[in-house]
Structure formats: C-alpha cells, structure tokens
Colleague: 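So that we are looking at the same thing, I have put the structure below in structure tokens.
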Number of protein chains: 2
Amino acid sequence: MKDSTAPKTSAPELAPWEHEVLELFVGMFETFGLPKSIAMIYGVLYCSDEPLYQEDICRRLEISAGSASQGLKLLTGLGTVHRQSPVGQRQSVYTAERSMRRLLGYFIDVQLRPRLSTGRERLEQILHDIPEEDDVARNKIKVLLDWQHKADRALPLISTLFTR
Amino acid sequence: MKDSTAPKTSAPELAPWEHEVLELFVGMFETFGLPKSIAMIYGVLYCSDEPLYQEDICRRLEISAGSASQGLKLLTGLGTVHRQSPVGQRQSVYTAERSMRRLLGYFIDVQLRPRLSTGRERLEQILHDIPEEDDVARNKIKVLLDWQHKADRALPLISTLFTR
DNA sequence: TTTGAATTTCATTTAATTTTGAAAACATTA
DNA sequence: TAATGTTTTCAAAATTAAATGAAATTCAAA
C-alpha cells in the first residue's frame, strides 16, 4: 500500500489515536447537526502538528477533492478552521482553530438563536390573533413564550462557560 | 371536505394558530435531533384541550397509523407524552407533558451526556497510549479533556434553568 | 371462544441528505 | 500566453433516515 519513493507532501497515515479523536469529533459535530466529513476534516486538522494542504486532507481521510473543498469552505466560514495563503507557495494551508468558542458559537448562533428569536415574534403574533376569551389557548402560548425566554437567558450562560 | 354527520370522535381540523405552534415545535425538535412527525405529534397534543386518541392524531396530522404508533411510543418513552388507559374505554388517550423538563432531559441525557462520558473514557485511554515524549499529541488530548470537563459542568446548569 | 376495532411491527417505499466525480474556473510559472 | 496543477462548482449517484401500508398481534366485548 505504501509507496516508498519520496512523497511530494508529507501525508503520514493517521495514527490510531488520531482515528479515535476523529470518531470523537464525529459524535460531537453530529450533536451540532454537522455531517461526518466536516467533523473529520476538522479532526484531522486538530490532530495535525502542522498546517495541511487540502490535498493532504483528501489523502488522509480518503475523501474527494469536492468534499474537502466544500467542507473547508464551511469550516472556514464558521471560523473553526483558518486558511493561510503563504507567499511564494501555490497551495493554501489550513489550521484548526483550537478554542471551542467558534464551534459553540455556530451551534448557538446558527442552530439555536434563530429558532428562538423567530419563535418569539411568531408567538407574540399568535397570541395577538387568539381571541381574548380563549384562555386555554392563550395560556398555552404564554407557556411557550416562557420557555423561549428561559432558553434565551441560558445561552449567554453557556457561552461564558466555554470562552473563559 | 367535512362530513356533517355526527363524528364518532371529536377531531376538529387544526386552527391556524395550531399550525404555527406545530411549526415551532418542528424547529425545536429538529435541534434535538428528532424528526418532524414526532414534533408534530407532540405539538398537536400540546395544543389540544383534551387528551387525544391515536386515531385523532392520525386524522389531524394526516399521518399513517404506523407513524403515530411509533411516534407515540418514542414520546411516551421520553416522558414527554403520557398515555392513559381509562377503565371502560377501549382506546388509550394521550396527553402532552407540559413542562419542558423531559424534553430537555432527553437532549441532555440521550444526546449529550453519553457522548461526553464515553468521550472521557476514550480520551483517557488515548492519553495513556501516547508515548510520554509526544508532548504535542498529549497536549491536544488534554485540551479535549478540558472541553469535555467544561461541557460536563455546563449541563446541570442548563437543567436547573429549566426545571425551576 | 369468536369477532372486530385498534394498535404494533417491520419490510418496502419515499424523501432528504451527503458524497462523489467530472467539467469549469483559477492561479502560478515557464 | 500556454502549460500545468489546484480548487471550486454542481448535477448525479450513493447513502441514510423517515413514513407508509399491509400483515400480524392485541384486547375488549359479544
């Protein structure tokens, strides 16, 4: 399987511990609603001592260039992966952001917060539309607004735990 | 569309506000990794003044009996929906648990906690397997353990916000 | 028992998501 | 500017998840 002629770029196979870490990231990213390949790209970058070329990532993870490109685009967009384009070097290199903040930020800002805020507006509209006398329905909506409110207060709390 | 002959069971069509609430639940449940039909079953029960038969749920949501059965099984398993079997009545009826606790409990205990705890064990094993001298790798694992630890401390905090 | 309605189960279908692969676009340098 | 290697894009394929529908099961009432 291994080619003993000098490789152009360093792309050692993944060590056993790296495999384990990748699996860990796959589970974590899944919680955040992000697919396996994205998790693995982040994982392989997290494990690597040095920045990697997209090409390295493809080779180590055995994924297509398309997947890598799309995945890296998403991850750099989230700020969980950084792209550098060193002068005098044709390929860009990628590094994993080492703090958890960005990833959690994605979860909170992209998955949670929008649902909470649109939820609030809609709930208030609904409440407005329900006739005064329908106490039962009005109360149900009020309970939902209360959940919404509690969740809203919880988010910053969670953030602080991870940012400091 | 409506049959004016006396209906066996009361199964009024969903009111506009109920549709809105269902959509809200769909979004919320999605965050928790639960599919649309499950969210809608919970939603229709949440909105209803009175307990509903499985049959009512099928009719209002226009889903199959199989879906309803599976969905109700899952939801009662989580404790977010309660099943009652009144004596002298052949069908069971279902009610939505009104507090958010159970739902959040599911998210924390089923989605989050297992990943955190197996993660911890595995990380410690990995750390044990990495040679003493590989400081870089060891440090990466230690950072992950730290994330894990922070998340672990965050969970109870979140719970308390919603249970009282 | 037997009947009949309600429910459950699960193989199949349908739908949604993720990944690929090949063509186009881009960029570097000869 | 041509030649070469890299990256991006996006339609199509593969994979995965969810919903259906029909057969099997359950269970109260006759």
Side-chain angles (χ1 to χ4, degrees), chain A residues 7-11 22 25-27 29-45 51-78 81-94 110-111, chain B residues 7-11 22 25-27 29-45 51-78 81-94 110-111:
Chain A
K8 292 207 307 285
T9 45
S10 65
L22 289 211
F25 278 117
V26 169
F29 276 57
E30 205 168 88
T31 307
F32 294 160
L34 291 168
K36 204 171 76 165
S37 67
I38 305 275
M40 293 177 79
I41 292 170
Y42 181 82
V44 82
L45 287 170
L52 296 178
Y53 298 118
Q54 175 172 312
E55 204 195 336
D56 296 327
I57 297 171
C58 290
R59 184 149 5 83
R60 293 198 199 181
L61 297 179
E62 304 182 63
I63 61 175
S64 69
S67 255
S69 172
Q70 290 174 179
L72 286 168
K73 188 175 166 187
L74 188 140
L75 288 167
T76 49
L78 297 181
V81 162
H82 302 292
R83 169 192 203 147
Q84 291 124 292
S85 306
V87 289
Q89 198 174 321
R90 115 150 103 290
Q91 289 153 284
S92 296
V93 294
Y94 298 90
V110 179
Q111 305 273 9
Chain B
K8 292 205 308 285
T9 44
S10 65
L22 288 211
F25 278 118
V26 169
F29 276 57
E30 205 168 87
T31 308
F32 294 160
L34 291 169
K36 203 172 74 166
S37 68
I38 305 276
M40 293 178 80
I41 292 170
Y42 182 83
V44 82
L45 287 170
L52 297 179
Y53 297 119
Q54 176 171 313
E55 204 195 335
D56 296 327
I57 296 170
C58 289
R59 184 146 7 82
R60 292 197 199 181
L61 297 179
E62 304 181 64
I63 61 175
S64 69
S67 256
S69 172
Q70 289 174 180
L72 286 167
K73 187 174 166 187
L74 189 140
L75 288 166
T76 49
L78 297 181
V81 162
H82 302 293
R83 169 192 204 148
Q84 291 124 295
S85 306
V87 289
Q89 198 175 319
R90 118 148 104 289
Q91 289 154 283
S92 297
V93 293
Y94 297 90
V110 179
Q111 305 273 11

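Letters go in sequence order (proteins before strands), and every chain restarts at 1.
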Colleague: Measure CZ/A:Arg83 against C1'/C:dC26 and give the value in whole Å, please.
Modeller: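 In whole Å, C:dC26 C1' lies 11 Å from A:Arg83 CZ.
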Colleague: Looking at the side chain of B:Ser64, which of C:dA6, D:dG21, C:dT20 is the nearest nucleotide?
Modeller: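 That would be D:dG21.
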Colleague: Are any of A:Ser37's side-chain N or O atoms less than 4.0 Å away from OP1 or OP2 of C:dT18?
Modeller: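 Checking C:dT18 against A:Ser37, no side-chain N or O comes under 4.0 Å of OP1 or OP2.
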Colleague: Just the rounded figure in Å: distance from C1' of D:dG5 to CD of A:Glu55.
Modeller: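 For the pair A:Glu55 CD and D:dG5 C1', the rounded distance is 9 Å.
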Colleague: Both A:Leu34 and A:Ala65 contact DNA chain C. Taking the nearest nucleotide for each, which residue is further toward the 5' end?
Modeller: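 Per heavy-atom nearest nucleotide, the more 5' residue is A:Leu34.
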Colleague: With the side chain of A:Tyr94 defined as its heavy atoms from C-beta on, choose the nearest nucleotide among C:dT7, C:dT20, D:dT8.
Modeller: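 Closest of the options to the side chain of A:Tyr94: D:dT8.
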Colleague: Please state whether the rings of B:Phe29 and B:Phe25 are parallel, tilted or perpendicular, taking 30° and 60° as the class boundaries.
Modeller: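 Aromatic pair B:Phe29/B:Phe25 classed perpendicular.
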Colleague: Could you check how far CD1 of A:Ile41 sits from C1' of C:dT18, rounded to whole Å?
Modeller: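 After rounding, the gap between these two atoms is 12 Å.
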Colleague: Applying the side-chain contact (heavy atoms from CB on, under 4.5 Å) criterion to B:Lys36, which one of B:Ile63, B:Val26, B:Leu22 satisfies it?
Modeller: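 Exactly one candidate clears the test, B:Val26.
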Colleague: For DNA chain D, find the residues of residues 67-76 of chain A with a heavy-atom distance under 4.0 Å and give them by number; none if there aren't any.
Modeller: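 Those residues whose heavy atoms fall under 4.0 Å from DNA chain D, taken from residues 67-76 of chain A in numerical order, are A:Ser69, A:Gln70, A:Lys73.
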Colleague: Separation of B:Arg59 atom CZ from C:dT7 atom C1', in whole Å?
Modeller: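 Atom CZ in B:Arg59 sits about 15 Å away from atom C1' in C:dT7.
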Colleague: Taking B:Gln111 for the side chain and B:Phe32 for the main chain, is one N or O donor matched with an acceptor at less than 3.5 Å?
Modeller: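 Confirmed, B:Gln111 side chain pairs with B:Phe32 backbone.
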Colleague: Is there a donor-acceptor contact under 3.5 Å from the side chain of B:Thr76 to the main chain of B:Leu72?
Modeller: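 Looks like yes, one N/O pair under 3.5 Å.
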Colleague: Please report, rounded to the nearest Å, how far the P atom of C:dT8 is from the OH atom of B:Tyr53.
Modeller: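 Answer to the nearest Å: 15 Å.
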Colleague: Between the two end axes of the helix from C:dT1-D:dA30 to C:dA30-D:dT1, each built from 5 base pairs, what angle do you get to the nearest 10°?
Modeller: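 That helix gives 10° between its end axes.
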Colleague: Between C:dT19 atom C1' and A:Ile57 atom CD1, what is the distance in whole Å?
Modeller: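 In whole Å, C:dT19 C1' lies 16 Å from A:Ile57 CD1.
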Colleague: Would you mind telling me which of C:dT18, C:dT8, C:dT20 lies closest to the side-chain atoms of A:Ile63?
Modeller: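 Selected nucleotide: C:dT20.
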Colleague: Would you kindly give the CG-to-P distance between A:Leu61 and C:dT19, to the nearest whole Å?
Modeller: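 Result: 11 Å.
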Colleague: Does A:Gln84 CD have over 12 foreign heavy atoms under 6.0 Å away?
Modeller: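 More than 12 within 6.0 Å, yes.
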Colleague: Between atom CD in A:Glu30 and atom P in D:dT16, what is the gap in whole Å?
Modeller: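 Going from A:Glu30 (CD) to D:dT16 (P), I get 12 Å.
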